[in-house]
Number of protein chains: 2
Amino acid sequence: MLLSKSCVYGLRASLYLAAREQGEFVPIRKMSDKLEISFHFLTKILQQLTAEGILESFKGPNGGIRLKRTGSDVQLLDIVLAIDGSQLLTECALGLPGCGLKNPCPLHDKWAETRDSIHEMLEKTNLTELVHKGKAENLRLTTEGGFDILFDD
Amino acid sequence: MLLSKSCVYGLRASLYLAAREQGEFVPIRKMSDKLEISFHFLTKILQQLTAEGILESFKGPNGGIRLKRTGSDVQLLDIVLAIDGSQLLTECALGLPGCGLKNPCPLHDKWAETRDSIHEMLEKTNLTELVHKGKAENLRLTTEGGFDILFDD
DNA sequence: GTATTTTAAGATAAAAGGGTCTCATAAACT
DNA sequence: AGTTTATGAGACCCTTTTATCTTAAAATAC
């Protein structure tokens, strides 16, 4: 799998938040229900994103989670790096430690090229962009149902 | 991780075989020593590749494993598909089942493009090509040491 | 035919990732 | 102040992957 499950859940949750109003704090329980993710597991993932300054939380009644920056200011790469780290974008395709320009494996050059295209895609795509697309075409963010079902409270 | 460890080991082993003389059967024990892979684990992986018709084995004294086809006739994709399956090249970046043209997620289009570039790289690269490069530049196939150390018996 | 060298196949064990549960802490409302 | 609603942090279990160990089977050489 390219991205870990934690990372995928983090992306889905971030997209969900970006699709809601900016200032609104959304309870994790609500998010876990809507996105069909285990509450406690999602909590852990959101904690990571909060620690990285991508999200912010508010305790107490009417508390919850929201984006710290605007959705257009959060690239997919930010979330991937926060959860999975840079491994995917730096590691050797043959799993050799320290494979780089100075000590490469036979596949290094070709793989570096491919890897860069992944990097570029993640770096140039922001949350708002995907939310717009999702809303316009009613694309799904969960196993079944469209984008709209996320919002009928 | 992009490729499973089994798959990475399978690739390294296949490159090793492609670098040796075509007709020669190489004992698994020798390969596991040279490539620093657990003997029994490597055995299992090679069995998969043998079952897929990429390698062939010969039992008894002077037996071992060799490529069934020529190295230039084996693409990296063949090995990846044999061990990891098509998952990497078909799955949704957001982990949604059945994400495709008819029921996509917001990231589908962008990811499909990136995924295709991985597919293309694996499909257009063959073993002999990498062996040539490895020999010419003495690139490593193991944690330390160059290409040449694989061949002093 | 028997010993030897090899692959083949299965059970088993260790490690990592994914997921759940419980308790503690913080903040807001009454 | 106390209750409620929420996050935060930890221990814990389950499943998959990775790795090891043991035994069986095949084929060659003698």
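Since the structure is predicted, the reported quantities are computational estimates derived from the model, not experimental observations. A, B, ... follow the sequence lines: proteins, then strands. Residue 1 opens every chain. No hydrogens, no waters, no symmetry mates; every other heavy atom, side chains included, goes into these values.
In this structure, Leu55(A) places its CG atom 10 Å from P of dG8(D), rounding to the nearest Å. Lys44(B) has its NZ atom 11 Å from the P atom of dA19(D), to the nearest Å. The distance from atom NZ of Lys30(A) to atom C1' of dT7(D) is 17 Å, rounded to the nearest whole Å. Rounded to an integer number of Å, the gap from CD of Gln48(A) to C1' of dG8(D) is 13 Å. Between Phe41(A) atom CZ and dG8(D) atom P there is a gap of 17 Å when expressed in whole angstrom units. Atom CD of Glu36(B) and atom P of dT18(D) are 19 Å apart (whole Å). Distance Met31(A) CE to dT7(D) C1': 13 Å, rounded to the nearest Å. Rounded to an integer number of Å, the gap from CZ of Arg29(B) to C1' of dC21(D) is 12 Å.
Remark: Ser57(A) is in phosphate contact with dG8(D), judged by side-chain N or O atoms under 4.0 Å from OP1 or OP2. Regarding contacts with the backbone of dT18(D), every side-chain N or O of Tyr9(B) stays at 4.0 angstrom or more from both OP1 and OP2.
Checked against side chain to side chain donor-acceptor pair (under 3.5 Å), Glu36(B) has the following partners two or more places apart in sequence or in another chain: Thr142(B). Every side chain to side chain contact (heavy atoms under 4.5 Å, CB included) that Pro27(A) has, sequence neighbours left out, goes to Lys30(A). Applying the side chain to side chain contact (heavy atoms under 4.5 Å, CB included) criterion to Arg12(B), with sequence neighbours excluded, gives Leu94(A), Leu96(A), Val8(B), Tyr9(B). Not counting sequence neighbours, Ser32(A) has no partner by the side chain to side chain donor-acceptor pair (under 3.5 Å) test.
Sequence neighbours left out, the pairs with a member in residues 64-82 of chain B that pass salt bridge (charged side-chain N to carboxylate O under 4.0 Å, His left out) are Glu56(B)-Arg66(B), Arg69(B)-Asp78(B).
Between Ile65(A) and Val26(A) there is no side-chain heavy-atom pair separated by less than 4.5 Å.
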Sequence-aligned protein contact record of nucleotides 23-30 of chain D, with B where the base is within under 4.0 Å of a protein heavy atom and S where only the sugar-phosphate is: ---SBB--
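The residue among Leu42(A) and Gly64(B) whose nearest nucleotide of DNA chain C lies closer to the 5′ end is Gly64(B).
Residue Thr50(B) is classed as having no contact, given no heavy-atom separation below 4.0 Å to the nucleic acid. When heavy atoms are screened at a 4.0 angstrom cut-off, Leu46(A) is found touching no nucleic acid atom at all.
Ion pairing of Glu129(A) with Lys133(A) is absent here, as no side-chain N (NZ or NE/NH1/NH2) approaches a carboxylate O to less than 4.0 Å.
Heavy-atom contacts of chain B under 4.0 Å fall on DNA chain C between two terminal nucleotides, which in 5' to 3' order are dT4(C) to dA11(C).
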Please tabulate, for the side chains in residues 38-55 of chain A, all donor-acceptor contacts under 3.5 angstrom to protein atoms that are two or more places apart in sequence or on a different chain.
unit_1: Ser38(A); atom_1: OG; unit_2: Phe41(A); atom_2: N; d: 3.3
unit_1: Thr43(A); atom_1: OG1; unit_2: Phe39(A); atom_2: O; d: 2.9
unit_1: Thr50(A); atom_1: OG1; unit_2: Leu46(A); atom_2: O; d: 2.7

Per-pair distances, 0.1 Å, donor-acceptor, side chain in residues 112-123 of chain A, under 3.5 Å, sequence neighbours excluded:
unit_1: Thr114(A); atom_1: OG1; unit_2: Lys110(A); atom_2: O; d: 3.2
unit_1: Arg115(A); atom_1: NE; unit_2: Leu89(A); atom_2: O; d: 3.2
unit_1: Arg115(A); atom_1: NH1; unit_2: Thr90(A); atom_2: O; d: 2.9
unit_1: Arg115(A); atom_1: NH1; unit_2: Glu91(A); atom_2: O; d: 2.8
unit_1: Ser117(A); atom_1: OG; unit_2: Thr114(A); atom_2: O; d: 2.7
unit_1: Ser117(A); atom_1: OG; unit_2: Ser117(B); atom_2: OG; d: 3.2
unit_1: Glu120(A); atom_1: OE2; unit_2: Lys124(A); atom_2: NZ; d: 3.2

